[in-house]
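Reminder, nothing fancy here: chain letters follow the sequence lines and each chain counts from 1.
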Number of protein chains: 2
Amino acid sequence: MLRGSGLRPTRQRMALAGILYAKGNRHISAEGLHEEAMSAKVPVSLATVYNTLHQFTEAGLLREVAVDGSKTYFDTNVTDHHHFFVEDDNQVIDIPEGGMGVGDIPEPPPGYEITRVDVVVRLRRVR
Amino acid sequence: MLRGSGLRPTRQRMALAGILYAKGNRHISAEGLHEEAMSAKVPVSLATVYNTLHQFTEAGLLREVAVDGSKTYFDTNVTDHHHFFVEDDNQVIDIPEGGMGVGDIPEPPPGYEITRVDVVVRLRRVR
DNA sequence: ATTTGTGCAAATCGTTTGCATCTGA
DNA sequence: TCAGATGCAAACGATTTGCACAAAT
């Protein structure tokens, strides 16, 4: 998989890929992945985690999710889909594919082309 | 306007409000507003700009726009609408109201309610 | 007089970078 | 061998915070 993307299969990258793709689709932050790696007894530096996440993203293995908050989340689900965002605990959840459709997409201003349409449905816990 | 929102009309707040609402709808970052204030000969500290932006947002006078990038943008247009985001230069543009519709909004997971639906149409300059 | 806001500088947080050292092909 | 990867610590940019001072009611 790594080789197929032109990335050397190093110890760290293989371990991180293992964590990322072990249990279905995930939304994880750099810090989150770093912690998981540590508790899985895979000592990687935070810098390497950042490098790896960006390289994976460039290789199309991950997708950066821009929700609110200051943190960047990475999504192991690279298919076309949108997200719920729980404001109470900064949690990102996939909206099942086909679970929603975007209506009329507007014409982009002249000279521009659309690269992607992102929909974020913000949620709050009902009290 | 400030009084109506329960905010004391201080020199700085009035000056910042003036800049914000002077020329139609705007998308501005804290740093951007600070710079404009400075060149308008209104010396305010960056901390005060941040305070003011957040207070205005809480008061419903502004809306925080979560696009990509590390910066936070504030929108003087608080009506229901969505955004174009130009990736080349981090510019936020309003999609005219009614210019697009969101299709089927999905059921939120049980125990949650929808607070808002944000659509960001990402653009790239055509080369 | 009392409460609320402001400015400054230091602190924090997530992320990036420089560089010496290692490692996979 | 040697280009590419990693780790560390220092650098960074955006935002927040603590606290003394100033201004609004």
Side-chain angles (χ1 to χ4, degrees), chain A residues 1-20 27-38 40-59 61-62 64-75 85 89-92, chain B residues 1-20 27-38 40-59 61-62 64-74 89-92:
Chain A
M1 171 175 169
L2 289 172
R3 245 186 270 273
S5 304
L7 296 170
R8 278 196 194 171
T10 65
R11 242 185 267 317
Q12 304 59 346
R13 293 216 266 241
M14 285 167 64
L16 293 177
I19 295 171
L20 282 171
H27 304 88
I28 200 168
S29 67
E31 205 156 338
L33 180 55
H34 185 236
E35 279 166 22
E36 285 201 32
M38 297 309 255
K41 304 241 179 301
V42 181
V44 275
S45 75
L46 193 51
T48 298
V49 171
Y50 276 104
N51 286 339
T52 303
L53 286 172
H54 288 139
Q55 290 153 353
F56 281 20
T57 301
E58 252 174 78
L61 302 174
L62 288 176
E64 230 172 302
V65 183
V67 285
D68 202 273
S70 44
K71 277 196 195 136
T72 305
Y73 289 87
F74 294 85
D75 190 345
F85 179 65
D89 54 3
N90 280 27
Q91 198 190 166
V92 181
Chain B
M1 169 173 166
L2 289 171
R3 245 186 269 273
S5 303
L7 295 171
R8 279 193 191 171
T10 65
R11 242 187 267 315
Q12 301 65 342
R13 293 217 265 239
M14 286 167 62
L16 293 177
I19 295 172
L20 282 171
H27 304 88
I28 200 168
S29 66
E31 204 156 339
L33 181 54
H34 185 237
E35 279 166 22
E36 284 201 32
M38 297 309 254
K41 304 244 179 298
V42 182
V44 275
S45 75
L46 193 50
T48 297
V49 171
Y50 275 104
N51 286 338
T52 303
L53 286 172
H54 288 139
Q55 290 154 352
F56 281 21
T57 301
E58 253 174 77
L61 303 174
L62 288 176
E64 228 173 304
V65 182
V67 286
D68 204 271
S70 44
K71 279 198 193 129
T72 305
Y73 289 87
F74 293 85
D89 54 3
N90 280 27
Q91 197 190 168
V92 180

Handout entry: Below 4.0 Å: OP1/OP2 of dA3(D) and any side-chain N or O of Arg8(A)
Key = no
Practice task
Just jot down the ring pair (Phe, Tyr, Trp, His ring centres under 6.0 Å) partners of His27(B), sequence neighbours excluded, or say none.
Solution key: His83(B)
For residues 2-11 of chain B, which side-chain N or O atoms pair as donor and acceptor with protein atoms under 3.5 Å away, sequence neighbours left out?
{"from": "Ser5(B)", "atom 1": "OG", "to": "Met1(B)", "atom 2": "O", "distance (Å)": "3.3"}
{"from": "Thr10(B)", "atom 1": "OG1", "to": "Arg13(B)", "atom 2": "N", "distance (Å)": "3.3"}

Fill in the blank from the handout: The reported gap from CD in Glu64(A) to CG in Leu53(A) (rounded to nearest 0.5 angstrom) is 9.0 Å
Exercise for the section: Could you check Asp75(A) against Val92(A) for side-chain contact (heavy atoms from CB on, under 4.5 Å), going step by step and ending with a plain yes or no? Expected result: CA-CA 9 Å; Asp75(A) 190 345; Val92(A) 181; 5.9 Å; no
Practice task
Looking only at side-chain atoms of Val44(A), point me to the closest of dG7(D), dA5(D), dA24(D).
Solution key: dG7(D)
Exercise for the section: Determine whether more than 12 heavy atoms belonging to other residues, nucleotides or ligands lie under 6.0 Å from atom CD of Glu58(A). Expected result: no
Problem - Nearest-nucleotide comparison on DNA chain C, the residue closer to the 5′ end among His54(A) and Gln55(B) - result: Gln55(B)
Handout entry: Start and end of the DNA chain C segment that chain A contacts, any atom under 4.0 Å from a heavy atom
Key = dG14(C) to dA25(C)
Problem - Atom-pair distance (OH on Tyr50(B); C1' on dA14(D)), nearest Å - result: 5 Å
Handout entry: Side-chain donor or acceptor of His34(A) paired with backbone N/O of Ser45(A) under 3.5 Å
Key = no
Practice task
Describe the nucleic acid contact of Ser29(B) in one word from base, sugar-phosphate, nothing, applying a heavy-atom distance below 4.0 Å.
Solution key: nothing
Completion exercise
Considering only heavy side-chain atoms of Ala30(B), the closest of dG7(D), dA24(D), dT15(D) is dT15(D)
